[in-house]
Asks: 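Okay, here's the structure, questions in a sec.
All residue numbers refer to positions in the sequence shown, counting from 1.
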Amino acid sequence: MGSVCENSKIKNNKRNIGLEWLRIVSMLMIILLHSIDHSGLYESLLPGTALYYVEEFMYAAVQVCVNCFVLISGYFLVTSKFKLKKLGQLWVEVVFYALVIRLVMIVLGQADFSVSSLLSCFAPVITGRYWFITIYFGMYLLSPFYNIAIKAMNKNQHKALLVVLFVLFSVLISIHPSLKGMNSGNGWGLAWFTVLYFTAAYFRMYYTPCKESSLKYLAVFLACPTLMLIALFISQLLNIGLVNSIVNNFWRYDSVFAYIASVSLLLVFLNTNFRSDRKISKFAVYMSSATLGVYLIHAHADICINKWWQAIGMTSNLDTWWFVFYQIFVVLAIFFVCAVIDLIRQQLFKLLHINNLVDKLFDKIERAFVKIWSKI
């Protein structure tokens, strides 16, 4: 797993531009995934058609989207100090979008008024309003303990741990859906996020990026959805129930193919040398700051539903040659519109000093907790 590259090493800048690009690419993948499985498009596809296989390939490729976000988090958190105010800032942003969007939809007559639903917007973590945020909160709270374990291990021990985790939480579930005892969350749970955290930590601790490796890992990334598509084609030809259930199980975040593809894509961006002084790199840093906002807006329970996807034509014109191009255009449009909204939100928070207020409040809470805990 370590790098054997001795020449053309990429310097570890304070801000890794490659990972900022990966944030953006991952969010585009999330939107693309939602355009397929939240819109009714997947159910509308006719098996055996060219569009069916194109969509299946894209659907296979974007299974890495959430994994990559978690890998990025683990890559940075393993060398970071736990700060309660980080969770505070995240909580405030999530509440802002959960509440504002719900109120807007109520005013527009697109959602029913309910006191309980409005109150749930203030507790988005425990209510699971955004499943990713709920699991991320748990992972962040556990990150200091993860880091203690990681720093207590040497390289070989860490590598051995990854092999065990890979077998228990990915290989077994990829053999057959019934072998899910070690990971019943379908890649949506804290157990899988923990696997990804330890994976990213290994590369942060022991891997040296080098630009010659980018194409190699890109080839591995593309090979994964290609093999998934071939397996799907063969399973449909054989039409054997057991084979079909095994192959269908590949389309999940914790499958072997999704895991390998996710790590490969991480390494593609780690091994690509993006100069931080270029305008395009500054653009990436600027836009990547809005990726969480893009997720919170477009994945809101009142927005990411069949009704609105179909309203923008996501299940229309499926028999045209240009549908996939239109789909990609919609994905890009959603990303940039939501990004602009979040960039405005960031300026509003800055103007009202909201982040500063949140930082002060949660710093006081953290100090008080530490003081009380020390006396127990």
Side-chain angles (χ1 to χ4, degrees), residues 19 22-24 26-31 33-34 37-38 62-77 80 82-105 111 116-144 146 185-197 200 252-254 262 288-305 334-335 338-339 341-343 345-346 349 354-355 358-359 361-362 365-366:
L19 295 186
L22 182 56
R23 288 185 206 273
I24 295 171
S26 298
M27 183 49 61
L28 288 169
M29 286 182 167
I30 288 176
I31 301 172
L33 180 140
H34 288 165
D37 65 8
H38 280 54
V62 300
Q63 294 300 310
V64 305
C65 56
V66 171
N67 289 352
C68 285
F69 262 110
V70 181
L71 287 170
I72 293 171
S73 297
Y75 191 85
F76 289 117
L77 288 177
S80 300
F82 177 87
K83 295 180 180 179
L84 188 62
K85 63 184 178 184
K86 294 293 184 182
L87 286 182
Q89 291 176 359
L90 177 60
W91 177 77
V92 168
E93 184 176 349
V94 175
V95 169
F96 174 82
Y97 281 120
L99 182 61
V100 169
I101 293 175
R102 171 50 62 94
L103 289 173
V104 169
M105 298 305 281
S116 61
S117 68
L118 291 178
L119 290 176
S120 71
C121 293
F122 291 94
V125 176
I126 59 176
T127 59
R129 179 168 288 271
Y130 294 97
W131 76 267
F132 176 85
I133 300 299
T134 297
I135 306 303
Y136 181 87
F137 256 75
M139 185 183 76
Y140 189 83
L141 286 171
L142 289 173
S143 63
Y146 293 159
N186 295 327
W188 292 32
L190 185 56
W192 184 243
F193 276 40
T194 300
V195 174
L196 295 172
Y197 189 101
R252 46 186 288 164
Y253 300 149
D254 55 358
S262 301
S288 70
S289 69
T291 51
L292 176 61
V294 173
Y295 168 73
L296 296 174
I297 297 168
H298 98 273
H300 191 281
D302 292 332
I303 294 178
C304 198
I305 54 178
I334 290 173
F335 177 86
C338 293
I341 292 173
D342 190 65
L343 291 171
R345 191 271 315 164
Q346 290 179 29
F349 274 32
I354 291 178
N355 286 338
V358 171
D359 286 350
L361 173 62
F362 279 85
I365 294 174
E366 185 173 3

Asks: Does some side-chain heavy atom of L103 sit less than 4.5 Å from a side-chain heavy atom of L118?
Replies: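 They are in contact (side-chain heavy atoms under 4.5 Å apart), so the answer is yes.
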Asks: Test of understanding: with side chain to side chain contact (heavy atoms under 4.5 Å, CB included), list the residues that count as partners of I334, not counting sequence neighbours.
Replies: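 Result, side chain to side chain contact (heavy atoms under 4.5 Å, CB included) vs I334: I31, H298, W309, I312, V330, C338.
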Asks: Looking at every heavy atom in both R102 and C121, which two are closest together, and how far apart are they?
Replies: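 Looks like CB-SG, 4.2 Å.
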Asks: Quick one: CD1 on I24 to CG on L28, what's the gap to the nearest 0.5 Å?
Replies: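 That separation rounds to 7.5 Å.
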Asks: Of Q89, K86, K83, K85, which meets side chain to side chain donor-acceptor pair (under 3.5 Å) against D359?
Replies: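 Passing option: Q89.
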Asks: Which residue is it: Y197, W91, F82? I am looking for the one with a ring-ring contact (aromatic ring centres under 6.0 Å, His included) to Y140.
Replies: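 For Y140, the ring-ring contact (aromatic ring centres under 6.0 Å, His included) test succeeds with only one of Y197, W91, F82, which is F82.
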Asks: Looking only at the aromatic ring of each residue, does the gap between the centers of Y130 and Y97 stay below 6.0 angstrom?
Replies: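 Not close enough - the centres of the two rings lie 6.0 Å or further apart.
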Asks: Rounded to the nearest 0.5 Å, what's the gap from CD1 on I297 to CG on L292? Could you check?
Replies: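 Going from the CD1 atom of I297 to the CG atom of L292 covers 9.5 Å.
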Asks: Can you list the steps and then say if I354 with F96 is a side-chain contact (heavy atoms from CB on, under 4.5 Å)?
Replies: CA-CA 11 Å; I354 291 178; F96 174 82; over 6 Å; no
Asks: Could you tell me whether the side chain of V62 reaches within less than 4.5 Å of the side chain of I30, counting heavy atoms only?
Replies: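 They are not in side-chain contact.
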Asks: Could you give the distance from SG (C68) to CE (M27), rounded to the nearest 0.5 Å?
Replies: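 Atom-to-atom, C68:SG and M27:CE are 11.5 Å apart.
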Asks: Look up atom CG in L33 and atom SG in C65, then write down how far apart they are to the nearest 0.5 Å.
Replies: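 These two atoms lie 5.0 Å from each other.
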Asks: For a side-chain contact (heavy atoms from CB on, under 4.5 Å) check, start with the C-alpha distance between L141 and L87, then their side-chain angles and the critical distance, and finish with the verdict.
Replies: CA-CA 9 Å; L141 286 171; L87 286 182; 3.6 Å; yes
Asks: With sequence neighbours left out, what residues match A290 under side chain to side chain contact (heavy atoms under 4.5 Å, CB included)?
Replies: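 Once residues adjacent in sequence are excluded, the partners of A290 under the side chain to side chain contact (heavy atoms under 4.5 Å, CB included) criterion are A339, D342, L343, Q346.
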Asks: Looking at residues at least two apart in the chain, or sitting in another chain, which of them share a side chain to side chain contact (heavy atoms under 4.5 Å, CB included) with I135?
Replies: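 Expected list: W131, L190, F193.
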Asks: Under 3.5 Å, is there a donor-acceptor pair between the Y146 and T194 side chains?
Replies: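 Yes, because at least one side-chain N or O of Y146 sits under 3.5 Å from a partner of the opposite role on T194.
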Asks: Under 4.5 Å between any side-chain heavy atoms of I133 and P124, yes or no?
Replies: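 When only atoms from C-beta onward are counted, P124 and I133 do not touch, as no gap falls below 4.5 Å.
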Asks: Restricting to non-hydrogen atoms, name the atom on R23 and the atom on S288 that form the minimum distance, rounded to 0.1 Å.
Replies: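 Looks like CD-CB, 4.0 Å.
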Asks: Could you state the interatomic distance from CZ (F137) to CG (L142), rounded to the nearest 0.5 Å?
Replies: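 Reported value, rounded in 0.5 Å steps: 13.0 Å.
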Asks: Can we call the ring centroids of F69 and Y136 under 6.0 Å apart?
Replies: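 Judged by ring-centre distance (under 6.0 Å), F69 and Y136 do not meet the cut-off.
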Asks: Looking at every heavy atom in both D254 and R252, which two are closest together, and how far apart are they?
Replies: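 So the minimum-distance heavy-atom pair works out to OD1-NE, 2.5 Å.
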Asks: Run the numbers on L196 and Y253 for side-chain contact (heavy atoms from CB on, under 4.5 Å), then give the verdict.
Replies: CA-CA 11 Å; L196 295 172; Y253 300 149; over 6 Å; no
Asks: For the atom pair CG (L22) and CD1 (I72), what is the distance rounded to the nearest 0.5 Å?
Replies: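 So the CG of L22 and the CD1 of I72 are separated by 4.0 Å.
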